[in-house]
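What follows is one structure encoded as structure tokens, with my remarks underneath.
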Amino acid sequence: MVEDEQKFEELWRRLGLSVDWSLTYTTIGVRARRVSQRAFLRNLARGEVYKSEAPTLWDVDFRTAVAQAELEDRELAGAYHRLTVHAVDGQGADGLADIVVETTRPELVPACVALVAHPDDGRYQPRFGSWVTTPLFGVRVPVLAHHLADPEKGSGIAMVCTFGDTTDVVWWRELDLPVRSVMGSDGRLVADPPGEILEAGTADTYAELAGKTAKQAQKRIVELLRESGELDGEPRAITHPVKFYERGDRPLEIITTRQWYIRNGGRDPELRAKLLDLGRDLEWHPAHVHQRYESWVEGLNGDWLISRQRYFGVPFPVWYALDADGRADYENPLVPSEDALPVDPASDVPAGYTEAQRDQPGGFVADLDIMDTWATSSLTPQIATGWVDDADLFERTFPMNLRPQGPEIIRTWLFDSVVRAWFEHGVLPWSDTTINGWVLDPDRKKMAKSVGNVITPMPLVEEYSADALRYWACNGRPAVDTAVDSGVMKIGRKLAIKILNLSKFVLGLAGDASDDPALLTSALDRSMLVALADLVDEVTAAFDSFDYARALERTERFFWSFCDDYVELVKARAYGNAGDAGTQSAAAALRAALSTLHRLFAPFLAFTTEEVWSWWQEGTIHRTPWPDSVGLRPGGADPLVYEVAATVLTAVRKEKSEQKRSLAAPVEHVLVRESDDRLAALRAAEDDVRDAGKIAVLDTEVGEYIVKVELAPPEPK
RNA sequence: GGGCGGUUAGCUCAGCUGGUUAGAGCGCGUCGUUCACACCGACGAGGUCGGAGGUUCGAGUCCUCUACCGCCCACCA
């Protein structure tokens, strides 16, 4: 893990990310533990966190409870087994017909506590309230009605087991059914059968299953059912979605355990509504990802389970008093004072007790569970802003501006952070969030270790440069998946080189020229600066709305046209006599433009711009003020001059290219027919256009747009 | 089952509140090097904007329906 951290830090430094490395923390570090435990204790004191014994989704390999947010569905092969459930003598309005139920989990027949059908289902209405006995085990269970039963599914009547899936939990709770659990925390059927099976005298049958995994038990029970004649036909293969722990390999079981929960609106409509409101107050970039938050919060079906039965993590700062019989008092946990934090209940002792009383009747016992990492990560804003140890910093930086993160952890990191900040501070932890997309492999496939298509950034940095990688990354829009594309990185590299070359040119010809705006006597120069000022406004607005990709695109577009057109147009004038007004104007405009472009590109090409900035400025560009369009925008400038001059120059280049002539080829005559105002603009830059195009005579006339170019005949070889 | 994105040139993608002949880069073709740039430049070819209706003087841009791709959510016996 430490190695991974170093690798990330090395990469991020190499990429020039402006991280304050003094603020890094680990979730089990002292600061994070103190924050986690303090927030927990305060949640506990206010009743926002509670401990409860309840059916819990459980990973049998990790042997820990898991939270709703850590679930994922996987499509799994399974089979419907048609089982015969027997009518009980003297019950049933229409005689003693057996009932056929379909189940994908026949191994849970010993855990069956009821059958349920839809209240409107005529087939089963006569049976509601009657009793039946389960196959193989002969346990009496009621037939009940519940609206969640789907008449279309299977035989229309479901076997409720404790617990086969989350619907069973709902039925168990809402129909007030008993617990008859057989699944152990190790994923194997427990050794001793439920009491009802003992009473029914079928313990020997259960013994055939005890100790087996779900899969093994299913195989065996199907054999037993077949032998007893209670399997109706052969199992019918299906595929169906099954809940998994996102990092687990076997389907989750549901077992009853005592766990810590934080209220998150999952069973409290008022809190849920408040959290939805907070989600609406948050500025999402892009806006539509907010929908994910909405559907997640609306779909919550329980509080946030934060305890884990693992070894490494932040411990709960809690002990329980033991009574004279050694029973723990879970209702009244013993807690430390805040200034004692962090504590480890496994080695620290609660106030008023001694170590000798640990695990002794009349003494105390530690809570040995640890917190889910999200219980700590949900406090990142509080950890980073010094909530427990730097009141001044906290005052100035909380709530924060921005949470940048991935889409897959909206339901965990983002949502949990909102919950914690709301409980503790009554506000959102940040005003804005940006959601990134995924990086896909060059074939637009999701990267996965199992597929072997994972590409790490460092080799790309080494091949194309950090700025090229940044350029590629900045071309990916927020929340849009972006494929690794060396072509785009090459363009970034090209752009960086172009900036170096342009800077060399500008600084080479006007070494220490003045920036005095009064020197801007050329209409073309002023026109270009107007366009540049407009660009600054547009790019600033794009950054303000977190649309960095747009900011880059606009800057880049201006830059290339600046190099191709403006620089070519003013080159002759710029090379002129340093004392001439035209030369001074060009130099001043070029330098103003260069300074602005350097700064506009700085967020993207951090290293290139830092280098060229150092050629002529003091200090780092990354702490230089952002360009100001007001100061840049010259008075009395006509934006048309630059545009029309560039258009004519392009037309001249096109003619030369079509004649397969050099760009340096002389032009005898050019006729520009244009509207009056555009011709006026062109005349304002006429000398520059003639110089740049090597044009001898430039005529203009008002009319429908046309540029007619007559080249001088080629020189004989 | 509910919802959110996407579908624009061979490829990767822009196209903001509807407005003149739909853009960029790559790739492709042609041409061009004394004077910032061959780690280059210029120019060009290439698109029924997924499909069908509709609103409008005008739709890639708005509305309805629909197809396919990706994703999220859901109590999926």
To the nearest Å, give me how far apart [atom1] ([X]) and [atom2] ([N]) are.
| X | N | atom1 | atom2 | answer |
| --- | --- | --- | --- | --- |
| Leu552(A) | rG25(B) | CG | P | 14 Å |
| Tyr464(A) | rG25(B) | OH | P | 20 Å |
| Leu300(A) | rC72(B) | CG | P | 16 Å |
| Asp73(A) | rA74(B) | CG | C1' | 9 Å |

When you check the side-chain N and O atoms of [X] and [Y], is any donor under 3.5 Å from an acceptor?
| X | Y | result |
| --- | --- | --- |
| His146(A) | Trp171(A) | yes |
| Asp467(A) | Thr608(A) | yes |
| Thr134(A) | His86(A) | no |

Using a 4.0 Å heavy-atom cut-off, does [X] contact any base of the nucleic acid, only the sugar-phosphate backbone, or nothing at all?
| X | result |
| --- | --- |
| Lys660(A) | sugar-phosphate |
| Leu663(A) | sugar-phosphate |
| Cys563(A) | base |
| Asp547(A) | nothing |
| Asn475(A) | nothing |
| Ser657(A) | base |
| Glu72(A) | nothing |
| Gly299(A) | sugar-phosphate |
| Lys571(A) | base |
| Arg550(A) | base |
| Lys656(A) | nothing |
| Ala483(A) | nothing |
| Ile491(A) | sugar-phosphate |
| Ser503(A) | nothing |

May I ask you to verify whether the side chain of Lys498(A) and the base of rC37(B) hold a donor-acceptor pair under 3.5 Å?
->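 Counting by modelled atom types and ignoring angles, a donor-acceptor contact under 3.5 Å is found here.
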Reference residue Phe604(A); test ring pair (Phe, Tyr, Trp, His ring centres under 6.0 Å); the match among Phe559(A), Phe543(A), Trp472(A), Tyr471(A) |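 Looking at Phe559(A), Phe543(A), Trp472(A), Tyr471(A), the match for Phe604(A) under the ring pair (Phe, Tyr, Trp, His ring centres under 6.0 Å) is Phe543(A).
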Please confirm whether Lys153(A) makes a cation-pi placement over Tyr80(A), using NZ or CZ under 6.0 Å from the six-membered ring centre and within 45° of the ring normal.
->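 Judged by the rule (NZ or CZ under 6.0 Å from the ring centre, within 45° of its axis), Lys153(A) is not positioned above Tyr80(A).
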Strand partner of [N], provided both Watson-Crick or wobble distances fall under 3.5 Å:
| N | value |
| --- | --- |
| rU48(B) | none |
| rA67(B) | rU7(B) |
| rU12(B) | rA24(B) |

Listed pairs under 3.5 Å, donor-acceptor, residues 237-245 of chain A side chains, sequence neighbours left out:
residue: Thr239(A); atom: OG1; partner: Glu75(A); partner atom: OE2; Å: 3.4
residue: Tyr245(A); atom: OH; partner: Arg247(A); partner atom: NH1; Å: 3.1

Which residue, Gly154(A) or Arg411(A), contacts RNA chain B at a nucleotide closer to its 5' end, judged by nearest heavy atom?
->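 Whichever sits nearer the 5' end wins; that is Arg411(A).
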Most 5' of Glu538(A) and Glu568(A) on RNA chain B, judged by nearest nucleotide |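 Result: Glu538(A).
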Think Gln68(A) has a side-chain N or O under 4.0 angstrom from the OP1 or OP2 of rC73(B)?
->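 No, no such contact exists.
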